[in-house]
Each structure stands twice: as C-alpha cells, then as structure tokens.
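Below is one structure, written out as structure tokens, with a few remarks after it.
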Amino acid sequence: MDILAGLNPRQREAAEAIGGPVLILAGPGSGKTRVITHRVAYLIQVCGVSPRHIMAVTFTNKAAREMEHRLQHLVSGAVPELTLGTFHAICVRILRRDGGVIGVEPRFVIYDEEDQMSLLKRSITEVGFDPKQYAPQAISSAISAAKSQLIVPADYLAKARSYYEEVVGRVYEQYQRLLGESNALDFDDLLLRTVHLFSANPEVLSRYQRRYQHLQVDEFQDTNLVQYELVKQIGGGYHNICVVGDPDQSIYSWRNADLRNILSFEKDYPEAKVVLLEQNYRSTKSILETASHLISANRERKQKGLWTDNEAGELATVVETYTEQDEAQFVVGEIERLVEQGKARLGDCAVMYRTNAQSRVLEEAFIRFGTPYKLVAGTRFYERREVKDIVAYLRLIQNPSDRVSLLRVINVPGRGIGQQTLAKLSGWAQSMGISQYQALSRIGEVAEGEAPFTPHIGRKLTDFLSLMEEVITASNERGLLELFDLVTTRTGYREYLLTQPDGEERWDNILELRTVAQQYRDLPPAEGLAVFLEGVALVSDVDGLDETVDAVTLITLHQAKGLEFPVVFIVGMEEGVLPHFKSFDDPAQMEEERRLCYVGVTRAGRLVYLVRAFRRSFRGSSMVNSPSRFLNDIPKHLISGSSLWMGEEGRVKEAVYSWPKTATADLGTSEPAPPAPAIGDLKTGDHVFHGVFGNGVVVSAVAVNGDFEVVVAFRGAGVKKLLQSYARLEKLKS
DNA sequence: CGAAAGGCTCTTTTT
DNA sequence: GAGCCTTTCG
C-alpha cells in the first residue's frame with residue numbers, strides 16, 4: 001500500500017522530502033497535520049528508519065496524542081521508541097536522565113506560574129526591594145524574556161543599562177538561587193537548562209544527535225529562541241530538520257515566540273527545501289476570502305495564494321447586540337436554531353473569544369438555555385486551591401527541598417504554624433546553610449534553646465516533620481493511589497476541606513485528581529509519583545478537550561489554534577476586546593491581534609459569525625466599545641446581516657433573542673430593573689440632576705435600542721455614561 | 001495565631 | 001468583580 005496515497009502533489013512533496021532541512025509553509029486547513037503524520041509514517045515504513053531515531057515536536061500534548069493515534073493507524077502498530085511531545089515534555093525527559101552533570105537532580109519539581117510568582121516575590125524581598133514598588137508581574141516577564149533569549153543572570157547584570165534592569169538582574173539572580181535550593185525548574189528553565197546541558201557537554205549532545213537523526217517541529221512560527229537553539233543543537237548532526245508553520249498564525253509573541261525563527265530558517269539552512277501548502281480543504285470560498293482580506297491588512301507579511309475547491313458557501317454574518325448578555329443569548333439562540341433546522345450539530349459549533357473573562361456570560365446563557373457546552377478548562381482545574389494543595393504535598397514527598405510546596409502545606413490544614421514561626425524557620429535554615437525541611441529535622445537534634453522556637457512551637461514543627469517522614473516512607477513502598485489516599489487522610493486534609501465553604505464540591509475535585517492518579521497506579525512507587533507530577537505540571541487546557549462529546553465548544557482564540565469547527569462564532573468583535581486595548585499603541589502587537597482574528601475565522605468550515613455588543617461590563621464597570629477595526633478589513637460584499645449591525649434603533653432588536661420562558665428564576669444575574677418612566681428627551685447642553693452624582697451638564701445623548709445613552713459631565717463626580725431609563729436623571733431648568 | 005473585614009489592584013493570551 | 005493583601009480584633 002502506498003502510504004502517501006491520498007496526498008496532493010505538494011503535500012506529497014513535503015512528506016517525501018526527508019534528507020536535509022525542510023521548511024513547510026502551511027496555510028490554514030491545508031492538511032498540515034496529515035502531512036506531518038504521513039511524513040513520519042513514510043520515514044518508518046518506506047525508508048525503514050527506526051522510530052527510535054525520530055523526534056517529533058508538537059505544540060500541545062493533545063496534538064502529540066492525536067499524532068500517535070493516527071500514526072498507529074498508518075503503520076498498523078505501536079511506535080514505542082518514537083520521541084513525540086512538546087518541547088517542554090521532551091526536555092523534562094532529557095533532564096531527568098542527564099541533568100545531573102549540570103547539577104539538576106533527577107527528582108526536580110516543575111514550578112508553574114503561581115509557584116514562580118510566590119518564589120519571585122520572596123526573591124524581590126530578599127534582595128532588599130519592595131514587591132509593591134517593582135511589580136512582580138513585570139519582573140517575571142522580564143526574566144522570562146531573558147531566559148527565552150538564553151541570557152543568564154550574570155549576562156543580564158553585565159548588560160543592564162538602567163537602574164530598573166539592575167534591579168531585575170539582581171532579582172533574577174536571587175530567583176535562580178532559590179529555584180536551585182528548591183531543586184525546582186520553571187517552564188523556561190526546562191528548555192534553557194537543556195540547552196546549557198548540551199552546550200556544556202558535547203559528549204552528551206552528540207549522543208542525542210546520533211539518536212535523533214530525523215527532527216520535525218510543528219507550529220514553528222510560535223517557537224522562541226531557546227527552542228530554535230535546541231533544534232539546532234539536536235539536529236546539528238544530520239541536519240534532517242523539518243519545520244512546519246505559518247507566519248500568519250503566529251500569536252504567541254507575548255510568550256517570547258520569535259517570528260524570526262521561521263523567517264531566518266532559510267538563511268540558517270541555505271540548502272533547505274521549501275514547500276508551500278496553499279490548497280485549503282477546510283473552508284468555503286467565502287470564508288477563505290474573508291480571512292484573506294482580513295490578514296492582507298497586515299503590512300509585515302508575505303503574500304500567500306490560498307485557494308480552495310470547496311463550494312462558495314454563505315457569507316459571514318456580522319451581528320451587533322446591546323449588551324454582552326444579549327450577545328450570549330444571540331449565540332445560544334442561533335446555535336439552537338441551526339441544530340433545529342438540521343444545519344449543524346452542537347459539536348460542530350464553537351464560540352471563540354479574546355479573554356477568558358468573556359466565557360462567564362456565555363456559560364450562564366448556555367446553562368439558562370439548557371444547551372450542552374464544553375468549556376476548555378476555563379476553571380483551570382490544576383490551578384484550584386485544593387488541587388494545588390494536594391499536589392504540593394505530593395511534590396514535597398518527591399522532593400523535600402521544594403520550598404514553595406513546604407510553605408504552602410505546612411499550615412494547611414491549620415497546625416498553629418504562623419508567619420512569625422515560618423520567618424524564624426527560614427532565617428535559622430539560612431544561617432545554617434540548609435534547606436527549611438532539613439532545618440525541621442534539626443530541631444529535635446540540637447540542644448534546648450539553640451533553635452529559635454519555644455518548646456510548644458518546636459513541637460508543632462516536629463509533628464509536621466514526622467507526618468512528612470511517615471508519608472515519604474510510604475511513598476517508597478506503596479503505589480501512587482495508596483499514597484494519594486494516605487496523603488488526603490493522614491494529613492487531615494480531607495476533614496479540613498469538608499469544614500470549608502463549598503467543601504463537598506472541592507472534595508469532589510480532589511476525587512477527580514485521584515482519577516487522574518489512577519492512570520499511574522501500576523507503575524513502581526517512585527516512578528508513578530514522578531510521572532504523575534510531571535503530567536500535572538505540563539498539561540495544557542486543550543488537552544482535556546473531548547471531541548466525542550456532542551456539545552458546543554467555548555474556547556479562547558489562542559486555544560483554538562490548530563482546531564477546526566464547521567460553525568464558528570467570534571464574540572467581542574470590539575475595539576478594546578479584539579483588538580485588545582493593550583495592543584493599541586504598538587503596531588506589531590496590533591498585527592498579532594489581527595492574526596488572532598485570522599486564526600479564529602480560519603477555524604471555520606461552513607459558517608462564521610462575527611458578533612459584538614454595544615456595551616459590555618469590564619471589571620465591574622460598564623464600557624461602550626466601537627466595532628472592531630477588523631470588521632472594516634472585510635469588504636461589505638462578503639458580509640451578510642449588515643442590516644443588524646450598525647445598531648439603528650429597531651433593527652438591533654431583531655438580533656436580540658429573548659430568554660426562554662423556563663428556568664430563569666435561579667439565575668437572575670442580569671434581570672434588568674424595570675425602566676423608569678422617560679422624563680423627556682435630553683439634548684446636549686441640558687442641565688440635569690442625579691441622585692448620587694449631583695448636578696451636571698449633558699455632553700451627548702444617543703438613541704439606543706429604544707433608550708437613551710446619555711453622557712453627563714458632573715460637577716465634582718466627573719464624566720459619566722448613563723442609561724436614561726436606569727439613571728433617573730432629572731432635567732433642570734437652565 | 002487566625003478569622004473577618006475592608007481596601008486595593010488587576011491577567012490578555014499559556015507550555 | 002474577584003482575588004489578593006493588609007489590618008484589626010478575639
């Protein structure tokens with residue numbers, strides 16, 4: 001059987017090009033996944049390359065799993081020794097095995113963002129600065145940016161050109177020291193330390209080079225410099241490097257992804273073969289054309305000639321609603337209509353948004369309508385307090401040096417060990433040059449009075465120590481599941497949790513975590529724990545997306561990359577939302593916002609809806625946003641529903657669905673108050689009185705949806721936007 | 001030491 | 001609006 005049968009000539013060319021560097025530029029829907037999967041299958045089956053010699057890097061774990069399934073199907077069998085996963089997952093494996101030579105102990109733990117932040121704040125304080133003065137968030141991204149460019153603290157300090165950079169450099173230095181003391185690595189370190197391992201140990205590198213004779217990297221437009229360096233290092237022996245990507249879908253520059261990687265690949269590898277995949281199999285002509293117009297508005301890009309043989313299809317529907325609640329109602333109502341008319345199944349539909357905060361209103365509407373939906377990890381399961389608590393206990397068992405985890409659980413449930421005590425413990429440990437955990441065991445050993453604790457407090461600390469010793473001993477003998485149960489009970493956590501607000505519900509989350517642990521039950525004790533913790537640290541939200549469930553998908557535009565749905569709704573098509581206001585003053589960021597919108601539109605197969613709300617609440621207060629500039633990038637002849645979208649009175653109403661009659665009582669979050677009787681039309685210049693803001697002058701009054709949006713400049717209270725029916729403005733005689 | 005209350009900032013996107 | 005931090009009191 002010809003393994004490449006069914007590929008078009010371009011795709012075939014890409015799959016067959018196995019000697020030397022290859023750059024595949026793949027437009028959306030061009031069968032990229034198909035190509036890279038067939039390419040690996042071709043290597044194994046036709047070229048007789050052992051899976052052992054192949055490394056394939058994907059963007060998410062989910063993509064890796066899918067590729068594995070498809071591969072097994074193609075080569076009809078398992079591919080055991082194939083290295084397949086994200087950069088991060090692959091680096092973890094390398095470091096567990098060979099990190100020792102650069103001082104990375106195999107039992108290291110991986111710090112997520114929250115752990116990182118906690119350690120970073122500590123670092124800022126410890127080098128003598130105030131976390132309130134130097135935003136930890138900003139320092140964190142500065143450090144992350146440095147790490148993504150292979151800059152270590154010493155280099156950073158040497159190159160610091162301002163006081164602020166000096167501060168960042170010193171924090172960076174301290175932060176790395178603390179990470180080291182905790183035997184912990186953050187996400188950036190996983191990559192960076194691997195590069196260091198290779199550059200400092202050529203013999204280790206050459207072992208990996210000899211093993212990985214074929215290298216393939218997907219989503220190359222979203223790799224950073226460190227990742228590119230890794231590719232260069234590992235692929236340095238054979239130069240059989242295949243990278244796949246699409247510059248128009250680069251949306252992770254904020255995570256230090258560097259578009260230059262894909263642009264300079266040809267320069268770094270002049271002999272590279274370049275293959276363009278331009279035929280789209282996913283979308284209708286209309287959608288593809290809409291997307292092409294949209295992305296053409298970006299100046300920094302290479303023109304591509306996307307085309308499709310698919311039918312013309314329907315025009316994009318642009319809809320304006322009044323509030324974000326109406327927006328959500330419209331979406332759910334429209335989906336229900338499509339399903340009723342047999343035009344789509346629930347599972348065909350996805351609702352995409354710029355920010356996670358937008359998912360809430362949508363979710364409420366779906367609940368209200370009783371329409372099944374799946375939210376792509378909006379809740380971030382692994383970030384929940386109770387889940388992180390248990391994970392912290394388990395991490396501490398694997399690696400007692402883990403300072404962040406120790407501090408997290410030492411007093412949860414409450415054991416009467418407070419801030420004062422912990423500060424003393426920390427100082428004492430530091431003065432002896434040992435970890436805090438080691439300091440705990442010292443308490444019982446030293447003579448009375450040598451430890452800075454009263455016998456009463458000392459007792460509490462040593463009690464905690466014995467508890468940990470007990471579970472650590474157990475961890476060497478028992479499987480993960482037994483250990484898990486021991487931790488939740490023996491530490492008193494279960495009892496504690498059940499007394500907390502929402503205790504039952506949160507305990508259910510622990511049980512869900514236990515279900516995850518179940519998968520590792522048969523591994524030998526220490527290994528089961530390590531693999532479980534690694535999985536927990538590196539999951540991504542889309543990993544949990546289950547395609548077999550027939551329900552609407554709610555997902556961020558970023559998460560949607562690489563996915564496809566017959567019907568796509570993009571909501572929040574507004575200035576300030578998409579494009580996000582943070583990108584207003586930076587043209588490069590603005591172009592990235594446009595690419596994000598492009599990614600959204602190109603996910604769609606048959607139908608696209610671009611929806612916006614006239615007013616939307618943001619952090620408690622209400623905002624009025626104008627239509628997204630991206631709507632202007634789409635020519636009018638490609639849009640239907642324009643009668644709805646300029647918001648003329650009466651027309652807007654058509655787009656607004658009413659709540660269903662049933663099941664509205666328990667969710668009355670957005671029930672509007674009964675409108676006050678109109679006091680008469682207001683016009684610019686009128687003097688008015690408001691019960692709270694006092695006297696003011698009308699700046700503007702606009703008719704909206706049968707009501708009036710009034711902007712008033714109040715004496716003292718400033719300028720406010722008010723809705724006349726709610727605000728009870730009293731018109732004064734001037 | 002810990003619970004409760006109030007004030008303050010803020011995440012846009014995530015391996 | 002929520003979550004975080006600080007303050008206050010028992």
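All values reported here derive from a predicted model rather than from experimental measurement. Each chain gets a letter, A, B and so on, in the order its sequence line appears, and its residues count up from 1.
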Worksheet item: DNA chain B: L596(A) or T421(A), which has the more 5' nearest nucleotide?
Response: T421(A)
Item to complete: In whole angstrom, give the distance that lies between atom CE of M117(A) and atom P of dT14(B).
Response: 15 Å
Discussion item. Centroid separation under 6.0 Å, is that true for the rings of W254(A) and H558(A)?
Written reply: yes
Fill in: Spacing between Q227(A) atom CD and dT14(B) atom C1', to the nearest angstrom
12 Å
Worksheet item: Can you find a heavy atom in the side chain of V412(A) that is under 4.5 Å from one in the side chain of R385(A)?
Response: no
Worksheet, complete the sentence: All heavy atoms of A291(A) vs all of T602(A), minimum pair found to be CB-CG2, 3.6 Å
Item to complete: Would you tell me if any nitrogen or oxygen in the side chain of N356(A) comes within less than 4.0 Å of OP1 or OP2 on dT13(B)?
Response: yes
Practice prompt. To the nearest Å, give me how far apart CD (Q589(A)) and P (dT13(B)) are.
Written response: 14 Å
Worksheet item: When all nucleic acid strands are considered with a 4.0 Å heavy-atom cut-off, which category describes N61(A): base, sugar-phosphate, or nothing?
Response: nothing
Discussion item. Tell me whether N411(A) contacts the main-chain N or O of G416(A) through its side chain, where contact means a donor paired with an acceptor under 3.5 Å.
Written reply: yes
Worksheet, complete the sentence: Comparing nearest nucleotides in DNA chain B, the 5'-proximal residue of the pair I417(A), E593(A) is I417(A)
Discussion item. Just checking F630(A) against Y598(A), ring centres under 6.0 Å apart?
Written reply: no
Worksheet item: Are Y252(A) and F59(A) near enough that their ring centres are under 6.0 Å apart?
Response: yes
Item to complete: Using atom CZ of R65(A) as one end and atom P of dT15(B) as the other, report the distance to the nearest whole Å.
Response: 13 Å
Worksheet item: Does S123(A) reach the main-chain N or O of V171(A) with its side chain, forming a donor-acceptor pair under 3.5 Å?
Response: no
Item to complete: Tell me which nucleotide among dC1(B), dT15(B), dT13(B) gets nearest to the side chain of H558(A).
Response: dT13(B)
Worksheet item: Between K460(A) and F464(A), is NZ or CZ placed under 6.0 angstrom from the six-membered ring centre and within 45° of the ring axis?
Response: no
Worksheet entry | Short side-chain N/O contact from N256(A) to OP1 or OP2 of dT14(B), under 4.0 Å | no
Practice prompt. Using the side chain to side chain contact (heavy atoms under 4.5 Å, CB included) rule, take L557(A) and L578(A) through it: C-alpha gap first, then chi angles, then the decisive distance, then the call.
Written response: CA-CA 10 Å; L557(A) 286 160; L578(A) 181 66; 3.8 Å; yes
Worksheet item: Please give, in whole Å, the distance from dC1(B) C1' to F453(A) CZ?
Response: 15 Å
Worksheet, complete the sentence: Symbol by symbol from the 5' end, with Watson-Crick or G-U pairs under 3.5 Å, [ ] crossing and | another strand, DNA chain B is ||||||||||.....
Practice prompt. Would you please confirm or rule out a distance under 4.0 Å between OP1 or OP2 of dT14(B) and any side-chain N or O of T556(A)?
Written response: yes
Worksheet item: Reading nucleotides 3-11 of chain B 5' to 3', which nucleotides get B (base under 4.0 Å from a protein heavy atom), which S (sugar-phosphate only), which -?
Response: -------BS
Practice prompt. Grab the CG-P distance between N224(A) and dT14(B) for me, whole Å please.
Written response: 17 Å
Discussion item. Angle between ring planes, Y393(A) versus Y493(A), binned at 30° and 60°: parallel, tilted or perpendicular?
Written reply: perpendicular
Worksheet entry | dT13(B) pyrimidine/purine six-ring stacking with W254(A), under 5.5 Å and 30° | yes
Discussion item. For L538(A), is there any backbone N or O sitting under 3.5 Å from a side-chain donor or acceptor partner on N61(A)?
Written reply: yes
Worksheet, complete the sentence: Whole-Å distance, L461(A) CG to dC1(B) P, equals 10 Å
Fill in: N-O pairing of D115(A) and R408(A) below 4.0 Å
no
Return the polar atom pairs (N/O with N/O) between nucleotides 3-10 of chain C and the protein under 3.5 Å, or none.
residue : atom : partner : partner atom : Å
dC5(C)  : OP1  : K121(A) : NZ           : 3.0

Worksheet, complete the sentence: In whole angstroms, the gap separating C1' of dC1(B) from NZ of K460(A) amounts to 7 Å
Discussion item. Counting only side-chain heavy atoms from C-beta out, which of dT15(B), dT14(B), dG1(C) sits nearest to F187(A)?
Written reply: dT15(B)
